[in-house]
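The structure appears right after this line, and notes come after that.
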Amino acid sequence: MSELYYNAAPNATRVAAPVAPPRTYPTAKPARVYLFGTCVVDIFFPSAGLDAIRLLEREGITVNYPQGQSCCGQPAYTSGYTDQARTVAAAQLALFAEPWPVVVPSGSCAGMFREHYPTLFKGDPVRREQAQALADRTYELAEFLLHVCQVTLNDQGAPLKVALHTSCSARREMNTHLHGRALLAQLSQVERVDHSHESECCGFGGTFSVRMPDISGAMVADKTRYLMDSGADQVITADCGCLMNINGALEKQQQPLRGQHLASFLWQRTGGAQ
C-alpha cells in the first residue's frame with residue numbers, strides 16, 4: 001500500500017492515494033541529457049540546479065540546458081487556465097527536440113511533463129505525439145540518479161539526522177519519496193528520521209498558497225511543527241517550491257532548522273568531485 005495519505009482532520013480516516021506505476025529504465029547511462037531547471041530553481045535556488053548538473057556530470061554525462069526554458073505551465077494548469085498552460089507547454093516542447101532524457105530537479109514539474117503534457121495536447125495529434133515522447137523520457141533527478149545512473153554514494157560528512165520531505169504531487173506522480181530515501185540510505189553517516197504527517201502537503205501548492213493563504217499558513221505551521229518535533233538537524237527535499245515554503249515558515253518562526261535541496265545535500269556530503 002502507498003505511504004501517501006490525505007488526512008482532512010486529526011481524527012479523519014486515512015485513505016490511501018494512488019502512486020505512480022513502476023516504469024522500465026534504460027540499461028545503460030546515456031551520454032547526454034537535458035536539464036529542465038524549473039522556474040523556482042532558476043529564480044530562488046540556482047545552486048540546486050548547478051549541483052544537479054555537477055552530480056550528472058560526475059557520472060560522465062554531458063548536460064544540455066536550453067536557455068529558452070521557462071515555467072512548465074503547472075501553475076496555470078492547476079488554476080484552470082488550460083489554454084495558457086498549453087501555450088507555455090508548447091514552448092517547452094520545442095526546446096527538447098533531441099531524443100535525450102530530460103532530468104528535472106523537481107518531482108512536481110517532472111510530473112507535469114509526464115502526467116499532464118499529453119493530456120494538454122490531446123486535440124493536437126502532432127504535439128500530442130511530441131508530448132508523449134517527452135513524457136516517456138522525463139525523469140525526476142533522484143529517480144534518474146538511482147535507477148538510470150545507479151550511483152554509489154560515498155559519504156564524507158559528519159554524523160547527521162535528517163528529515164525527508166517530498167511534495168504531495170511528487171509522491172503521487174513520481175514516487176519521489178522512495179527515490180530520496182534510497183539515496184539517503186547510501187550515506188553511512190546520515191540517519192533519516194521519520195516524522196509525523198510526512199506525506200501531507202506543506203501548504204505551498206503553487207497558486208494555492210496565494211489563493212488560500214490562511215489555509216496554506218495553517219498547513220505549513222503543522223508541517224514545520226512536526227519537522228521540529230522529529231529531532232532532525234536538517235530537512236531535505238527534492239522540490240524547491242516546498243523548500244521555499246518550509247524555509248520561509250521556519251525563518252518567520254525564528255527557528256534554526258532549515259531545509260536544503262537533495263541535489264546540493266548529496267553533492268556536499270559526497271565531497272564534490274569524487
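By the side-chain contact (heavy atoms from CB on, under 4.5 Å) test, T119 is found to be paired with Y77, residues two or more places apart in sequence or in another chain being considered. Applying the side-chain hydrogen bond (donor to acceptor under 3.5 Å, both in side chains) criterion to R137, with sequence neighbours excluded, gives no partner residue. Qualifying side-chain contact (heavy atoms from CB on, under 4.5 Å) partners for L50, counting only residues two or more places apart in sequence or in other chains: R54. Judged as a side-chain hydrogen bond (donor to acceptor under 3.5 Å, both in side chains), and not counting sequence neighbours, the contacts of Q92 are S70. Legend: residues meeting salt bridge (Lys or Arg N to Asp or Glu O under 4.0 Å) with D233, ordered by chain and number and at least two apart, are absent. Partners of S79 under the side-chain contact (heavy atoms from CB on, under 4.5 Å) rule, at least two apart in sequence or in another chain, are Y81, T207, R211. By the side-chain hydrogen bond (donor to acceptor under 3.5 Å, both in side chains) test, S188 pairs with no residue at all, sequence neighbours left out. For the side-chain hydrogen bond (donor to acceptor under 3.5 Å, both in side chains) test, residues two or more places apart in sequence or in another chain that qualify with Y25 are E143. Taking the side-chain contact (heavy atoms from CB on, under 4.5 Å) definition, one finds that A238 meets it with E140, T176, L262, sequence neighbours left out.
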Check: residues 160-169 side-chain donor-acceptor pairs under 3.5 Å, at least two apart:
from, atom 1, to, atom 2, distance (Å)
T166, OG1, R171, NH1, 3.1
S167, OG, A170, N, 3.1

Counting only pairs under 3.5 Å, give me each side-chain donor-acceptor contact of residues 27-34, with atom names and distances, residues two or more places apart or in other chains.
from, atom 1, to, atom 2, distance (Å)
K29, NZ, E59, O, 2.9
K29, NZ, E59, OE1, 3.3
R32, NH2, N64, OD1, 3.1
Y34, OH, E98, N, 3.0

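Checked for salt-bridge contact, D124 and K122 miss the test: no charged N lies under 4.0 Å from a carboxylate O.
Ring centroids of Y226 and H195 are separated by 6.0 Å or more, keeping the two rings apart.
R23 forms a cation-pi arrangement with Y139, by the criterion of a distance under 6.0 Å to the ring centre and an angle within 45° of the ring axis.
Although no hydrogens or angles enter the test, the distance criterion places a donor-acceptor pair under 3.5 Å between the side chain of Q74 and the main chain of S108.
By the 4.5 Å heavy-atom criterion applied to side chains, D155 and V190 are counted as neighbours. Residues L227 and L257 form a side-chain contact, since some pair of their non-hydrogen atoms from C-beta on lies under 4.5 Å apart.
Other members of the hydrophobic cluster containing F44, listed by chain and number, are V40, I43, F45, F204, L243, M244; membership follows side-chain contacts under 4.5 Å among ILVMFWY residues, whether direct or relayed.
To the nearest 0.5 angstrom, K223 atom NZ is 7.0 Å from E200 atom CD.
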